[in-house]
Amino acid sequence: MSDSIPLSLQVPEPEVRPGGKPDFSGVNIPRAGTVRRPDVDASPADFRDLGYTIIRVLNRDGEAVGPWAGALNDEQALQGLRDMMKVRAFDARMLMAQRQGKTSFYMQCLGEEAISCAFQHALSPGDMNFPTYRQQGLLVAGGYPLVDMMCQIFSNERDPLHGRQLPVMYSSKDHGFFSISGNLGTQYIQAVGWAMASAIKGDTRIAAGWIGDGSTAESDFHAALVFASTYKAPVVLNIVNNQWAISTFQGIARGGSGTFAARGHGFGIPSLRVDGNDYLAVYAVAQWAIERARRNLGPTVVEYVTYRVAAHSTSDDPSAYRPKEESDAWPLGDPIERLKNYLIGKGVWSDDRHAQFAAEVEAEVLAAQKDAEKHGTLHSGGKPSVRDMFEGVYKDMPPHLRRQRQQAGV
Amino acid sequence: MSDSIPLSLQVPEPEVRPGGKPDFSGVNIPRAGTVRRPDVDASPADFRDLGYTIIRVLNRDGEAVGPWAGALNDEQALQGLRDMMKVRAFDARMLMAQRQGKTSFYMQCLGEEAISCAFQHALSPGDMNFPTYRQQGLLVAGGYPLVDMMCQIFSNERDPLHGRQLPVMYSSKDHGFFSISGNLGTQYIQAVGWAMASAIKGDTRIAAGWIGDGSTAESDFHAALVFASTYKAPVVLNIVNNQWAISTFQGIARGGSGTFAARGHGFGIPSLRVDGNDYLAVYAVAQWAIERARRNLGPTVVEYVTYRVAAHSTSDDPSAYRPKEESDAWPLGDPIERLKNYLIGKGVWSDDRHAQFAAEVEAEVLAAQKDAEKHGTLHSGGKPSVRDMFEGVYKDMPPHLRRQRQQAGV
Amino acid sequence: MPRMTMIEAIRDAMHVTMAQDPNVVVFGEDVGYFGGVFRCTQGLQQKFGRSRCFDAPINESGIIGAAVGMAAYGLRPCVEIQFADYVYPGYDQIVSEAARLRYRSNGDFTAPLTIRMPTGGGIHGGQTHSQSPEALFTHVSGLKTVVPSNPYDAKGLLIASIEDDDPVIFLEPKRLYNGPFDGHHDRPVTPWAKHPLGDVPEGHYTVPLGKAVVRRPGKAVTVLAYGTMVHVAEAAAEETGIDAEVIDLRTLLPLDLDTITTSVTKTGRCVVVHEATLTSGFGAELCALVQEHCFYSLEKPIARVAGWDTPYPHAQEWDYFPGPKRIGEALINAMEG
Amino acid sequence: MPRMTMIEAIRDAMHVTMAQDPNVVVFGEDVGYFGGVFRCTQGLQQKFGRSRCFDAPINESGIIGAAVGMAAYGLRPCVEIQFADYVYPGYDQIVSEAARLRYRSNGDFTAPLTIRMPTGGGIHGGQTHSQSPEALFTHVSGLKTVVPSNPYDAKGLLIASIEDDDPVIFLEPKRLYNGPFDGHHDRPVTPWAKHPLGDVPEGHYTVPLGKAVVRRPGKAVTVLAYGTMVHVAEAAAEETGIDAEVIDLRTLLPLDLDTITTSVTKTGRCVVVHEATLTSGFGAELCALVQEHCFYSLEKPIARVAGWDTPYPHAQEWDYFPGPKRIGEALINAMEG
Ligand SMILES: Cc1ncc(C[n+]2csc(CCOP(=O)(O)OP(=O)(O)O)c2C)c(N)n1
Ligand SMILES: Cc1ncc(C[n+]2csc(CCOP(=O)(O)OP(=O)(O)O)c2C)c(N)n1
Ligand SMILES: [Mg+2]
Ligand SMILES: [Mg+2]
């Protein structure tokens, strides 16, 4: 031991920091269409390679290619485009509303729209998402009213959550959207529990857990994988790898090597990596994983490779920790642009119709906002009542809370 | 969805329960000597197969074979045999002492002696184990006085821990043995933190974390793997898979398929599985993993495949949940018998010398017990003081504790 | 009426609710085939099948988190944490999730689950088999916290807890599992069969949450206790001959403040007892409430008898445990002046 | 003397200790390159290198567990939990490990670590950026719990905490980071530069753990407060014109009972204030102690003004927060009769 060399701590760092030139040459991206598609009931041990590659459908020329292509018809793909555009327009307006002081906080999903929008369409009514704060696309694609989302964001008198929750922490059982917590990772094991309940009851509903790359480090990620594998729970365990966790790059959560998807292998859970900016690929993989769950074949881990284009939240300024141009250099492109080009290539869409729809969607979002603002924004107009603060802690208000409400004079 | 078949919960069950015939035919055991030995600096991605097989050195004929053989000379192997015999004799006596009411609780490691005994000899002075309650072999093989262990078990006036801890929850910094907690899994990430500290200081000491198969389900197992892989901490992460967690078979923690070792792969950590009842194999693998850590190459996961022959603890009766004969059917045999046969085969040991040493070790343990009992046992003789109960909560006793001690009249 | 130990009563409560409501499921470490390390779930798997009662991986956050998801689905999970000392890894799922789900989703999702766990000392279990963490739950809005002191209450309270639409922390004083315990550890163990509260009706009944009960009426001093300490306090009253009124709180939150203030207003003196460490224990809340609501009746400061502010020791267990001697001294002291 | 915000003072404390002792290391989520979401660690990585100050994976149990291991090695880790609301996943490592390591190993291993976390509300952060969990730490034997109320104390207490040989929970009232806050959220923010306690000496000094301070001397009623509430209580005293003595506890455990009892014995009246939910909050312990030690001086029941027993709401933040109006009413009420 005495002649051993001194040890040293190895702290991973991203390739570049502000001032540097973005460099994604280290990201290994296979050509679209080249990754095989196993049967859903194939043995997980036989396709571990799918946890180390990237399933892609849309190639550079905007064509859908390979064994994962063909899952959607044109109308469905068009719907996907519209969903994504609506999410983006919604984000832009709400960001502005926050800057105008109409709410305290907002979080965009810029660049990641394909993931939640496509996934939602692969689900069936009755299924349940356990989302993070960055899956607003699940609600938008699922037809949840924009105005209700906005009322929540504004904490106004029509806020479905009665002002209790931080903006964007939506909840809608009817739309298969579990109440967002704010504490990272907790929802992942809850999704597994919900799925187990469906199996216990002999129902046919499945669950989807959602987690960010950074949050895979949380312990409840492990709990979820353990429980899901042990009971073969009908759940899809989604990991959205958008490269960043606030200021921290994904290498801190991922460690030395391996992929987030590969974490499933240690549990015998089949694990796929997919191009998160490719709507068609996301849909195809989601459908595959959901079918496995539905057929009682157990859980699937899916890692979506994408990039968080915007700031983490309105409280964050990413120029402090990564080059401004990094998002432009991101090699998987923009999900809306890519699907648009595909549809134009297929002759079912055009630049004109795109511009027209963009204007329509802009108007729809604006109208919703006007509607929502009639009921107040955070600091002006209609507010949830103070009584509401005391309600809902328990089903029936216990004596001590009643006393406190009286003290508060409401 | 409506035409989907109903889901159902799948709860893993062991092959047999009491009354059934033990069956380990499902356990895949490669022939001794057949698993390759990669260089310690080889890329983990190139030997993932070692997480799915079992490294073995001693074959049925008691010969040491294959690329992992030859790590120990005869004197070292003899020392190993003596260590294991001492641990077994110690366990037997302490079990009896518990039955006689001399202590409240005891835990044996019957059948698992090779693991901790061999590992300890692969460490260097200054290294630190973060053990569970089933690694008494680390202390015994490390030369920690049996009488001190016994005084701890008896909670007597010479108990190094002053009666504060449950029996077997030893602590000895000088012997590289971290204080045992009782809360499962917590020590695993602490081992990683300790190893990181060594790297931060530029020292040469490495850490070893220990965990049971059942406890790998705990969240701190995940925390440990995340931190170890991110900072390439100089730590060996040992998993003792003795098939049982109290009444729960390893399938509940392990899930559908995969191995415990394979959990390391998702983090890019090299992972090996080894025959835990083969002293020579354990030593060789320990040495390999320790060398990786020492050379700043980062963590290694090692799964020891073994069998918990005894009850979980003195509070447990395994005949309620597994066939009595199961341990006899365990295909990897008994570690002491196997090493003994090897040494006899080499001509450096004999049945006579074995019997003689067994008697010696018995006498040594008995003498130690007599010595320890002079200082009291749990319910009679010398006791730790009541003042001791108030000491050591903080470095300096704060006023409120001083008041309480006065109130207690001590 | 059948005689039951507290273990049998708890088991029976689960049996009754599982038979009545297919949404009740039971799981936890070693609770399935084996029936739990204290045998509280023995026979349930055999009776209700592996998907209603099963073994869980050793991950308390996983057990509680999965239960939250199941409860949100519509089940009524009743999970076991093997010892209360092991609940901390699951604390986040309790505090941030179960307790707040109804509130934050405005009732869109709820978490009607029960978390059972053996609590308290007196079995030479050392620091990790003896703790009394109730105050860590009573501080959390959205939870109910229950501590039975006998088989009759244990069954009735557990049924009420499982049927409750909010998350309930159900703490089982393990030293009471097999018999009432008056703190005299050196005397032979009395079985529940000899105690009137060991008479447990068959079938369904509830003991309502939020209602305390006067165990021993008295005029001189009020003793507020729960769990094991109810029996120790009764013993202390007998032994000192002080006419103490011993109140068994049964539910700590919501608390039955009326029963407490009625008694203290009458006696003018109050002693609060618990096994948990003193500082910031639930006794502090009781003191705060009693001095607030009974200030003008109090003739002496409220006294607390509790575990010392140290980890739970192994060898010094009986010096740590608030036994009849310490409680008796507090009673005598409360009567002076 | 330099003027500092509380953020700068906290940063300076780490800077001073890191420069002095190579065993001090700092890590946590986003604390490395970026310098922390509140910028408390800004510049430390640049100055001391990546192995002294670095980003951690998002795993609070991992952060604290690794720190326990490092502390056992001989380092003095000072880790950041991004918000106190996120400490629960690491609660087991605090309660079962850091707090008990010295005791259970009889001093063979110790855990001299400091766990910093922003606490409290007033920033429209909703349920997961506003909590005040101090009572969950004061109940745990083996921990010290510190809450500064100004830059001067923050630096001196943090240096004392890092140098302390026991684990310290260091709660930073985030609403005070950039200026004292009297609870009038509708008035312009005052910066620390205008407050005398924004004067922070350079270099090394300590404010000892376990010592409270009288912030505002008075004769009529004692107010026990800490963190943000010190300023709100001072405002309430000014606004009501009541001659209140405001005590800033600074350290909750060990508690400076002498300063408290000296004051209450003098005033005969006491109001306890905190942001945390009322039930089983640290105020309960304060009430229990004050009534025990000052019973014969008290002229009125001790009053508590605290957060309501609900999760921390977003829209109703200022109805939840114990502002100067509620404290003022409690003061007026304490003076009546
Ligand atoms: C338990 C917990 N710890 C820390 C935080 C603070 N926090 C909020 S978001 C975030 C980063 C999450 O990153 P990632 O999981 O990659 O998701 P993304 O924001 O990229 O979608 C952190 C650290 C939290 N909300 N909860
Ligand atoms: C946090 C926590 N949960 C539960 C327990 C109770 N418990 C003690 S040992 C044990 C089984 C552990 O099994 P395993 O990890 O396989 O180790 P082995 O006993 O087989 O060596 C359990 C559940 C505990 N000590 N700590
Ligand atoms: Mg991310
Ligand atoms: Mg085991």
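Chain identifiers are assigned alphabetically (A, B, ...) following the order of the sequence lines, protein sequences preceding nucleic acid strands; residue numbering begins at 1 within each chain. Bear in mind that the values here come from a model prediction, so they are computed numbers and not experimental data. Excluded from the calculations below are hydrogen atoms, water molecules and symmetry mates; all remaining heavy atoms, backbone and side chain alike, are included.
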(request) Under 4.5 Å, counting heavy-atom pairs only, tell me which of A/Gly182, A/Ala223, A/Ala207 racks up the most with chain C. (result) A/Ala223

(message) Between C/Ala56 and chain A, with a heavy-atom cut-off of 4.5 Å, which part of the residue counts as in contact: side chain, backbone, both or neither?
(response) both

(message) Please classify the contact between A/Ile180 and chain C as side chain, backbone, both or neither, with a heavy-atom cut-off of under 4.5 Å.
(response) backbone

(request) Step through the shown structure and confirm whether more than 12 heavy atoms of other residues, nucleotides or ligands are within 6.0 Å of CD on C/Gln20. (result) yes

(request) Under 4.5 Å, counting heavy-atom pairs only, tell me which of C/Lys144, C/Arg52, C/Arg102 racks up the most with chain A. (result) C/Arg102

(message) With a 4.5 angstrom heavy-atom cut-off, is it the side chain or the backbone of C/Asp92 that approaches chain A, or both, or neither?
(response) side chain

(request) Evaluate the criterion ring pair (Phe, Tyr, Trp, His ring centres under 6.0 Å) for residue pair C/Tyr103 and A/Tyr394; output intermediate values, then yes/no. (result) CA-CA 8 Å; C/Tyr103 190 80; A/Tyr394 299 90; over 10 Å; no

(message) Between A/Val393 and chain C, with a heavy-atom cut-off of 4.5 Å, which part of the residue counts as in contact: side chain, backbone, both or neither?
(response) both

(request) Please report the shortest heavy-atom distance between A/Trp194 and C/Gly69, naming the atom on each side. (result) CD1-O, 3.4 Å

(request) Over all heavy atoms of both residues, which pair between C/Pro57 and A/Thr230 is shortest? Give the atoms and the distance, please. (result) CG-OG1, 4.2 Å

(request) Mind listing the closest non-hydrogen atom pair of C/Ser96 and A/Ser181 along with its distance? (result) O-OG, 4.4 Å

(message) If we ignore hydrogens and angles and just use 3.5 Å, is the side chain of C/Arg104 paired with the main-chain N or O of A/Arg164 as donor and acceptor?
(response) no

(request) Please flag which part of A/Met397 lies under 4.5 Å from any non-hydrogen atom of chain C: side chain, backbone, both or neither. (result) neither

(message) Less than 4.5 Å apart, side chain to side chain, heavy atoms only: is that true for C/Gln93 and A/Gln190?
(response) yes

(request) Determine whether more than 12 heavy atoms belonging to other residues, nucleotides or ligands lie under 6.0 Å from atom NZ of C/Lys266. (result) yes

(message) Could you check whether any side-chain heavy atom of C/Asn106 comes within less than 4.5 Å of a side-chain heavy atom of A/Ser171, counting everything from C-beta outward?
(response) no

(message) Restricting to non-hydrogen atoms, name the atom on C/Phe109 and the atom on A/Phe177 that form the minimum distance, rounded to 0.1 Å.
(response) CE1-O, 3.6 Å

(message) As an exercise, state the distance from CG of C/Asp164 to CG of A/Asp396, rounded to the nearest 0.5 Å.
(response) 8.5 Å

(message) Using every non-hydrogen atom in the two residues, find where C/Leu75 and A/Ile200 come nearest and quote the distance to one decimal.
(response) CD1-CD1, 4.2 Å

(request) Please state whether the side chain, the backbone, both or neither of C/Ala72 comes within less than 4.5 Å of a heavy atom of chain A. (result) both

(message) For a 4.5 angstrom cut-off between non-hydrogen side-chain atoms, does C/Ile63 reach A/Phe227?
(response) yes

(request) Show your working on side-chain contact (heavy atoms from CB on, under 4.5 Å) between A/Lys201 and C/Asn23 and close with a plain yes or no. (result) CA-CA 8 Å; A/Lys201 298 293 287 177; C/Asn23 290 322; 2.6 Å; yes

(message) Please classify the contact of A/Met128 with chain C as side chain, backbone, both or neither, using a heavy-atom distance under 4.5 Å.
(response) side chain

(request) Please answer whether the main-chain N or O of C/Ser61 pairs with a side-chain N or O of A/Asp220 as donor and acceptor at a distance below 3.5 Å. (result) no

(request) Determine the option with the most heavy-atom pairs under 4.5 angstrom with chain A, choosing from C/Leu255, C/Leu253, C/Asp258. (result) C/Leu253

(request) Specify the closest pair of heavy atoms between A/Ile189 and C/Gly62, including all atoms of both residues, with the distance to one decimal. (result) CG1-O, 3.6 Å

(request) First locate atom OG of C/Ser105, then atom NE2 of A/His162, and finally report the distance between them rounded to the nearest 0.5 Å. (result) 11.0 Å

(message) Applying the side-chain contact (heavy atoms from CB on, under 4.5 Å) criterion to A/Met196, which one of C/Phe27, C/Tyr73, C/Phe54 satisfies it?
(response) C/Phe54

(request) Pick whichever of C/Pro254, C/Gly142, C/Ser51, C/Pro22 has the most heavy-atom pairs under 4.5 Å with chain A. (result) C/Gly142

(message) Quick one: does any side-chain atom of C/Glu97 pair with a main-chain N or O of A/Thr186 as donor and acceptor, under 3.5 Å?
(response) no

(message) If you count heavy-atom pairs within less than 4.5 Å of chain C, which of A/Asp203, A/Val226, A/Leu166, A/Asp159 leads?
(response) A/Asp203

(message) I want to check something: taking the side chain as every heavy atom from C-beta on, are C/Leu257 and A/Arg403 in contact at a cut-off of under 4.5 Å?
(response) yes

(message) Under 4.5 Å from any heavy atom of chain C, what part of A/Tyr170 do you find: side chain, backbone, both or neither?
(response) neither

(message) Could you go through C/Asp108 and A/Ser179, starting from their C-alpha distance and side-chain angles, then the distance that decides it, and tell me whether this counts as side-chain contact (heavy atoms from CB on, under 4.5 Å)?
(response) CA-CA 8 Å; C/Asp108 200 24; A/Ser179 157; over 6 Å; no

